[in-house]
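What follows is a set of notes on a single structure, which appears directly below.
Reminder, nothing fancy here: chain letters follow the sequence lines and each chain counts from 1. A quick note: this is a predicted structure, and the numbers were derived from the prediction, not measured.
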Amino acid sequence: MSEQEKDLSEIMQVRRQKLEKLQESGVNPYPHSFERTHFSQEIVDNAKQLMEKEVAVAGRLMSIRGHGKVGFAHIMDSQGRIQLYVRKDQVGEANFATYKLMDIGDIVGVTGEVFETRTGETTIKAAKIELLTKTLRPLPIVKEKIEDGERVAYDQFADKEMRYRQRYVDLVVNPDVREVFITRSKIITHMRRFLDDKGLLEVETPVLQPIYGGASARPFVTHHNALDVELYLRIADELYLKRLIVGGFDGVYEISKDFRNEGMDRFHNPEFTMMEVYVAYKDYKYMMELVEEMVSYIANKIYGKTTILHQGREIDLTPPWKRITLFDAIEEHTGHNLYGKDLEQLRQIAKELKMEVESFWREGKIIDEVFSEKVEPKLIQPTFITDYPVELSPLAKRHRNDPNLVERFEPFMVGGEIGNAFSELNDPIDQRERFLAQQELLELGDDEAQMLDEDYLRALEYGMPPTGGLGIGVDRLVMLFTDQASIRDVLFFPQMRPEKSG
RNA sequence: GAGGGUAUAGCUCAGCCGGUAGAGCAGCGGCCUUUUAAGCCGUUGGCCGAAGGUUCGAAUCCUUCUACCCUCACCA
């Protein structure tokens, strides 16, 4: 980079020359503060009341149109944009000279009176325009035009790689991107408020864990020097949160990052945000109500209604959502009832469905595969899939009516799952057996099988009340609400290969 | 991990069956005291992602590499 710095592009050299000129004329290009009285949007919205009143706004110059001894510009702040009108005979010779040395992208503060131009645009007639930060890099400026009431952007900053790597530029230049992240923040705020209003306690549990658990995934491994031990970045919060239920809390939740050392695509980032909640004395039926209530609550808070548009389809989040068992759903979509079928029969059915089956797959795995291939893509409207085979769910309690099943559900919509929940297994003896079954899988070479956690078993032996638990993939919920097709578009800084290798 | 695509000026993109680089915007110099994708005149700017190869000659054809995007496989 330093080589490039020496040989700056012409456009950047010019900016540095302007910086020097400004300093020579006594202008501080990096002053310490500015007293703002209004945001741009407030002025535009309240133009009548503010007419001929003095205001002070601060933000970035996004367009400059010169007219000799006069100039128009747009300044953008966090709320929007407003036009400036700078006259040499108003701001004075020296200040006008400073203005002439400003570039698109520079951060400025303007004081002046509000008025309306001939064309009817609310504008600030500058009494003074101050440089607040000189910028040395040109912004990839997007030009906009209003055509038939539609905002049309020209030369949009669109290169995805650059947008992700230089999100700060993306945010300045693409207003829709900012909106997505504001909505993301609101979703989490409303989620938190909803859970708090239920009387649940927000808690924090370890990210660095000596034994990882609570999900099936490969972990990131790290090393703690002082203790000289291997630690894992958590793949889930589950086992720690349930320890807190053992400890006597009636309901706890955590919204935080989990880490899974696996592939990346438009639904997966190595670090992602999970919300997990556990409520004592409740079961999975209660958790279903909690999910549909929470998601529709968020929709109402954000859009004032419980339907949303996602990738051109209207999704109706109004409770109650459809509920169907895993086996019924498979039968509905394939015509095959897989319940109680043995391994050979399942293989035969998979064959008839033209699916490839790996030799080491067991019953549960085949059922899961049939479901995700034949059913999952068709679950567009919100649907709870319930009652999974025991072997797929080592932490879930057996079904009250059928010991081959567990009380588990996953909420699906737009062809993907957004969470996972169960009546939590609190029988320590059964839990030990399930862990041992996982150990066998581990030995068979399943590197995602779960580790046996003796301390967690000890906690269960002290007694965990009946508990309902739920995890929600927050990023996916955000994708749904903000109509984004890729997880990278709802993460400020999605994981990328480091820049400039080789 | 497999397949497909993309990479040319600060940004958005042209550049055909190989002949030595182009536009708009931005920038720079002019003119311009109500413009708004401001306008008009002039003008600078490129190791054509990297490295090799074929060729008299490569942005263009071939090979390898790098990064990103899309699809598929595993996982939320």
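Put simply, CZ on A:Phe72 is 7 Å from P on B:rU35, counting in whole angstrom units. Residue A:Asp170 contributes atom CG, which lies 13 Å from atom P of B:rC69 at whole-angstrom precision. Rounded to whole Å, atom P of B:rG10 lies 16 Å from atom CG of A:Leu136. Going from atom OH of A:Tyr154 over to atom C1' of B:rA26 covers 17 Å, rounded to whole Å. For A:Leu101 and B:rG27, the CG to P distance is 13 Å, given to the nearest whole Å. Rounded to a whole Å, the CG atom of A:Leu61 is 16 Å from the C1' atom of B:rG27. Residue A:Glu10 contributes atom CD, which lies 5 Å from atom C1' of B:rU44 at whole-angstrom precision. Distance CZ (A:Arg165) to C1' (B:rU66): 11 Å, rounded to an integer number of Å.
One donor-acceptor pair, N or O on each side, does fall under 3.5 Å between the base of B:rU35 and the side chain of A:Arg65. Counting atom types as modelled, A:Gln83 pairs a side-chain N or O with a base atom of B:rU35 as donor and acceptor under 3.5 Å. Donor-acceptor pairing under 3.5 Å, judged by distance alone, is absent between the side chain of A:Asp103 and the base of B:rG27. One N or O donor and one acceptor, one from the side chain of A:Asp89 and one from the base of B:rU33, sit under 3.5 Å apart.
The gap from the P atom of B:rG19 to that of B:rA58 amounts to 11 Å, rounded to the nearest Å. The C1' atoms of B:rA9 and B:rU43 are separated by 15 Å, rounded to the nearest whole Å. Across B:rU60 and B:rG15, the matching C1' atoms stand 9 Å from one another, rounded to whole Å. Atom C1' of B:rC25 sits at a distance of 15 Å from the matching atom of B:rU44, rounded to the whole Å. Nucleotides B:rA73 and B:rC62 have their C1' atoms positioned 31 Å apart, rounded to a whole Å. If you take atom P in B:rA2 and the same atom in B:rU64, they sit 13 Å apart, rounded to whole Å. Annotation: B:rG22 and B:rG45 have their P atoms spaced 12 Å apart (nearest Å). With both ends at atom C1', the span from B:rG46 to B:rA23 equals 14 Å, rounded to whole Å.
One side chain, A:Arg408 or A:Asn420, offers a donor N or O that lies under 3.5 Å from an acceptor on the other. With 3.5 Å as the limit, one finds no donor-acceptor pair spanning the side chains of A:Arg60 and A:Thr135. A:Glu42 and A:Asn46 share no side-chain donor-acceptor pair at under 3.5 Å. Checking A:Tyr388 against A:Glu410 by side-chain atom types alone, a donor-acceptor pair falls below 3.5 Å. Using modelled atom types and a 3.5 Å distance limit, the side chains of A:His74 and A:Glu121 yield a donor-acceptor pair. In summary, the side chains of A:Asp453 and A:Tyr212 do not present any donor paired with an acceptor at a separation below 3.5 Å, with no hydrogens or angles considered. A donor-acceptor contact closer than 3.5 angstrom links the side chains of A:Thr205 and A:Glu254.
Here A:Phe412 lies out of heavy-atom contact (under 4.0 Å) with every strand. Residue-level contact check: A:Gly66 touches the bases, meaning some heavy atom is under 4.0 Å from a base atom. Nucleic acid contact for A:Ala236: none, since no nucleic acid atom lies under 4.0 Å from a heavy atom of the residue.
For the salt bridge (Lys or Arg N to Asp or Glu O under 4.0 Å) with A:Lys257, the qualifying choice from A:Glu276, A:Glu271, A:Glu204 is A:Glu271, the only one to do so.
The nucleotide whose nearest atom lies closest to any side-chain atom of A:Met162 is, among B:rC32, B:rC11, B:rC28, B:rC11. Among B:rU34, B:rC28, B:rA37, the nucleotide with an atom closest to any side-chain atom of A:Lys125 is B:rU34. Between B:rA67, B:rU44, B:rU35, one nucleotide has an atom nearer to the side chain of A:Glu121 than all others, and that is B:rU35. Closest to the A:Pro140 side chain, of the nucleotides B:rC11, B:rC68, B:rG27, is B:rC11.
Between A:Met62 and A:Leu139, the closest side-chain pair of non-hydrogen atoms falls below 4.5 Å. The shortest side-chain heavy-atom distance between A:Glu93 and A:Lys88 falls under the 4.5 Å cut-off.
Regarding contacts with the backbone of B:rC28, a side-chain N or O of A:Lys18 is found under 4.0 angstrom from either OP1 or OP2.
For the pair A:Ser256 and A:Asp237, the tightest heavy-atom approach, listed with the atom from each and the gap, is OG-OD2, 3.0 Å.
Nearest-nucleotide positions on RNA chain B place A:Pro138 closer to the 5' end than the other of A:Arg118 and A:Pro138. Residue-to-nucleotide proximity on RNA chain B shows that, of A:Gln156 and A:Ile141, the 5′-proximal contact is made by A:Gln156.
Using a 90° window around 0 for the glycosidic torsion, B:rC17 falls inside it and is classed as syn.
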What is the per-nucleotide protein-contact pattern of nucleotides 70-76 of chain B, from the 5' end, where B denotes a base atom under 4.0 Å from a protein heavy atom, S denotes such proximity for sugar-phosphate atoms only, and - denotes neither?
SS-BBBB
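In this structure, CD1 on A:Ile472 lies 9.0 Å from CE on A:Met287, to the nearest 0.5 angstrom.
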Pairing string of RNA chain B (Watson-Crick or G-U wobble, both atom distances under 3.5 Å; | = paired to other strand) is (((((((..((((.....[..)))).(((((.......))))).....(((((..]....))))))))))))....
